[in-house]
Number of protein chains: 2
Amino acid sequence: MGNIREIAKLAGVSVATVSRVLNHYPYVKEEKRKAVWEAIEKLNYTRNINAVHLSRGKTSIIGIIIPYVNHPYFSTITEGIAAEALRNGYHLLLFQTNYDIKKEIDALEMLKMKQVDGIIICSRTVDWERIEAYSQYGPIVLCEDVKGRNLSSVSIDHYYAFLMGMNYLIKKGHRKIGYCIGRITGTNSKARQAAYQEALKQINERPRPEWIFDQCLYIEDGERVVASLLRMKERPTALLVSSDQVAAGIITFGKNKGLKIPENLAVLSFDNHPISEALNITTIELPLSVMGKKAFHMI
Amino acid sequence: MGNIREIAKLAGVSVATVSRVLNHYPYVKEEKRKAVWEAIEKLNYTRNINAVHLSRGKTSIIGIIIPYVNHPYFSTITEGIAAEALRNGYHLLLFQTNYDIKKEIDALEMLKMKQVDGIIICSRTVDWERIEAYSQYGPIVLCEDVKGRNLSSVSIDHYYAFLMGMNYLIKKGHRKIGYCIGRITGTNSKARQAAYQEALKQINERPRPEWIFDQCLYIEDGERVVASLLRMKERPTALLVSSDQVAAGIITFGKNKGLKIPENLAVLSFDNHPISEALNITTIELPLSVMGKKAFHMI
DNA sequence: GTGAAAGCGCTAACAC
DNA sequence: GTGTTAGCGCTTTCAC
């Protein structure tokens, strides 16, 4: 392997010239350039990228903070970021946090340590103040509405999407409506809650806390929701579900338990992942992959 | 921020001592250690990790080569790797390749450049020889059977799993059996094909190339399969499907088109992802997350 | 226990 | 166009 100095010696030039060749600097005499490439071939040389990073003070790596790689919502965003990053010569360092605040901070530390040039936060537990504190070390982009905070973000208008969903159900004649989300905290969830309340207010219904289900992420969570519903004396006639996966679970387990869908329970969900198509779930599409793309470009 | 020298000056010690404190080297006098930590706090200092990487000659990052982040099969493996990596103080650099051989080689180059300490290849297009050539630069682990090659690997016995599936269907009385896989090439697929042929041989049936569907990755591919089936004069009575997603698609689109399942077409699939539970698909579980974990430890 | 100093391998300002 | 050289910020002998 060797280093740049050996290449220089073998090619009969200076290390600076080797560096120039390596970085496609235009003004190098053709014969020297050739000599350098030959030496590189001969010694099977490759730059030590850590030295490059140190010297340049940047890495062309961006970090991505994500709670679960394995959930379609997040893997779709990741997909978008990954594709775009690669097209632009960037690499992706993956921080899977499980919403563990310590892991989130670890990731943020990587920005300070210059391990990454920037960070995209797909979803988080850590508070905004903390993030703002880290943004002095490099660009940070959130995938949520930051409400005029001094932070970059790209976001889907979950308030609007949820309101749309509510209105759709209301127009279908529903008045007793509940919903399912991943976490009760989180900006996106608060937007959804606000939309829920707003829509109910307009039809003079009061929100029903017992019809709000959180921790709904995967298909299996649908089972829990169905079980809860069956135990209630008064049930919602419709459910707005923030993930296709969960909707699929509710529909399937519901049917198993004798719930007629949509007669007993209408289900409207989000994301438009393939699973909804398979199950003929009515769903509202969210442009997640595009969001990932945009997030990358903001950085 | 500053650097180690400033810390040394402020704490009244040498840079070596600062380094010792930073690396939790035991033999440093308590008072100096304290002075160093105070200086660190005061200057809000963090190590420049690139300098550490360069100096140490390693990065504690491992690369993961994966065709699509967004497919459950791969995101489950990634999940396993990510969880285990984090627990061991490693980070993950994600290379999403779309099976583009150039991107795979780029990723392998990162090993040579010392960007990563090792690489896990979840699925690949590039040939074994190439990979062997790169393994001089660091550990590489494949997630497939490497057939006695001089390469590390952790793999699921897809031959066995497929054979099990075939026998299950045969026991149910099926003789006209087809299958669906992601790619026709690839070691895992070849193992499946071998199992398919073997099982048919035992019941004196010949393989039917027209009943083999490749490029089956997502739910929507199920639609294509169903369409093909409907065009055939002679159809299989059962299908072994290498992904729950695709099975879900086949079942749903099949039902839409009036196919009775399982009466007209039995479907058996793999992976045991939640979607199969939702759709009551019979499925054979594959320990993907565990495989990811093991892959990490081999490195 | 601690410090001086020699790297790690590259980039880039500067001089020619 | 090209070479010299001073960093980049840290780790790690080696000597005391």
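Here is the naming used below: chain letters follow the sequence lines, and residue numbers restart at 1 for every chain. Note that the coordinates shown come from a computational prediction; the quantities given were computed from them, not determined experimentally.
Sorted by first and then second residue, the pairs that involve residues 23-37 of chain A and meet salt bridge (Lys or Arg N to Asp or Glu O under 4.0 Å), not counting sequence neighbours, are A/E30-A/R33. For residues 71-97 of chain A, the pairs satisfying salt bridge (Lys or Arg N to Asp or Glu O under 4.0 Å) are A/E84-A/R87, with sequence neighbours left out.
Chain A approaches DNA chain D within less than 4.0 angstrom (heavy atoms of the protein), and the contacting nucleotides run 5' to 3' from D/dG1 to D/dG9.
Taking for each of B/V13 and B/L54 the nucleotide of DNA chain C with the nearest heavy atom, the 5'-most of the two is the partner of B/V13.
By the ring-ring contact (aromatic ring centres under 6.0 Å, His included) test, B/H91 pairs with A/F95, sequence neighbours left out. With sequence neighbours left out, A/Y68 forms a ring-ring contact (aromatic ring centres under 6.0 Å, His included) with A/Y99. Take A/T187 and apply the side-chain contact (heavy atoms from CB on, under 4.5 Å) test, not counting sequence neighbours, and it matches A/R124, A/W128, A/E144, A/K147. Remark: B/R130 engages B/I105, B/V126, B/D127, B/Y134 in a side-chain contact (heavy atoms from CB on, under 4.5 Å) (not counting sequence neighbours). For the ring-ring contact (aromatic ring centres under 6.0 Å, His included) test, residues two or more places apart in sequence or in another chain that qualify with B/Y90 are B/F296.
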Could you go over nucleotides 13-16 of chain C and give all protein N or O partners under 3.5 Å, atom names and distances?
none

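Residue B/V18 is classed as having no contact, given no heavy-atom separation below 4.0 Å to the nucleic acid. Within 4.0 Å of B/S19, counting heavy atoms only, lies at least one base atom of the nucleic acid.
With respect to A/E129 and A/R149, a salt bridge is recorded, a charged nitrogen being found less than 4.0 Å from a carboxylate O.
For C/dT2, the OP1/OP2 oxygens have no side-chain nitrogen or oxygen of B/S14 closer than 4.0 Å.
A/K114 NZ: 12 or fewer foreign heavy atoms inside a 6.0 Å radius.
Remark on the helix from C/dG1-D/dC16 to C/dC16-D/dG1: inter-end axis angle 30°, axes from five-pair C1' superpositions, rounded to 10°.
Near DNA chain C, defined here as any heavy-atom distance below 4.0 Å, the residues from residues 29-51 of chain B are B/K29, B/K32, listed numerically.
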Donor-acceptor contacts under 3.5 Å from residues 15-23 of chain B side chains, at least two apart:
{"from": "B/T17", "atom 1": "OG1", "to": "B/S14", "atom 2": "OG", "distance (Å)": "3.4"}
{"from": "B/S19", "atom 1": "OG", "to": "B/N23", "atom 2": "ND2", "distance (Å)": "3.4"}
{"from": "B/N23", "atom 1": "OD1", "to": "B/R47", "atom 2": "NH2", "distance (Å)": "3.4"}
{"from": "B/N23", "atom 1": "ND2", "to": "B/S19", "atom 2": "O", "distance (Å)": "2.8"}

